[in-house]
Amino acid sequence: MNLAVFASGRGSNFLAILTAIDSGLLPARVTLLLSNKSDVGAIEAARGRGIPTLHLSQTMFDSEDAFADRMIAELAAHRADLIALAGYLKRIPRRVVAMYCNRIVNIHPALLPAFGGPGMFGHHVHEAVLASGVSTSGATVHLVDEEYDRGPILLQKTVPVLPDDTAETLAARVLTVEHEIFPLALKAFAEGRVRVEGRTARIE
Ligand code: GRF
């Protein structure tokens, strides 16, 4: 299974995917690393592995359609079967979502549907979790549709929220389970074990 990975930052989820591939856990290959930034850790990591990288952002185009066309052309050129959003902070153009229906997965650092949606990324998520007073948080892998963090949920894993947690300590605890469940969800795709029925999805 050919994976296109989209990332906007340091890329620790991208590295977790590469580790899962190297260990034989994940029967896939990364054929493209796309970022809306030109100089982030994920791009450096891809370059170091000889994985094709692409800096592409909406600001380079005068319309969403032109941006979507170029993204679709690049995905086709790299024969992507599945798109993995690994810390990617931009919305996916509608036409890309339509073309890769149920073939775009995202990792979110909270237990969706709670603590998701526009603006809910990075430390904002963990601050909201702490402010809410809940005693459990975690990570979610879900299919991507046109809205942020709304598509069918595939896999979740919880972590405790501790009384003395800060956004940083909670983020670090959640990140460890992100690195566990994202490769497992991708493995299910690679092995044909993902079933989507309407707005629900499950792994067999
Ligand atoms: C992770 O917490 C991920 O859940 C969120 O963005 C953060 C980026 O992590 N989407 P990394 O770039 O994969 O290290």
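First listed ligand is number 1; within each ligand, the first listed atom is number 1. Because the structure is predicted, anything quoted here is derived from the model rather than measured.
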Undergrad: Ignoring hydrogens and geometry, is there a side-chain-to-backbone donor-acceptor pair from N2 to A80 under 3.5 Å?
TA: no

Undergrad: Ignoring hydrogens and geometry beyond distance, is a side-chain donor-acceptor pair present between H179 and S12 at under 3.5 Å?
TA: yes

Undergrad: State whether E64 and R95 are salt-bridged, where the test is any N-O pair (Lys NZ or Arg NE/NH1/NH2 against Asp/Glu carboxylate O) under 4.0 Å.
TA: no

Undergrad: May I have the N/O to N/O pairs between ligand 1 and the protein that fall below 3.5 Å, each with atom names and distance to one decimal?
TA:
unit_1   : atom_1 : unit_2 : atom_2 : d
ligand 1 : 2 (O)  : E178   : OE1    : 3.3
ligand 1 : 2 (O)  : E178   : OE2    : 3.1
ligand 1 : 4 (O)  : E178   : OE1    : 2.6
ligand 1 : 4 (O)  : E178   : OE2    : 3.3
ligand 1 : 9 (O)  : R10    : NH2    : 3.4
ligand 1 : 10 (N) : I107   : O      : 3.3
ligand 1 : 12 (O) : G11    : N      : 3.0
ligand 1 : 13 (O) : S12    : N      : 3.3
ligand 1 : 13 (O) : N13    : N      : 2.8
ligand 1 : 13 (O) : N13    : ND2    : 3.0
ligand 1 : 14 (O) : R10    : NE     : 2.5
ligand 1 : 14 (O) : R10    : NH2    : 3.3
ligand 1 : 14 (O) : S12    : N      : 2.8
ligand 1 : 14 (O) : S12    : OG     : 2.6

Undergrad: Keeping S35 on the side-chain end and A7 on the backbone end, is there a donor-acceptor pair under 3.5 Å?
TA: yes

Undergrad: Mind telling me whether F61 and F67 have parallel, tilted or perpendicular rings, with 30° and 60° as the class edges?
TA: tilted

Undergrad: Got a second to check how far S38's OG is from L54's CG, nearest 0.5 Å?
TA: 11.5 Å

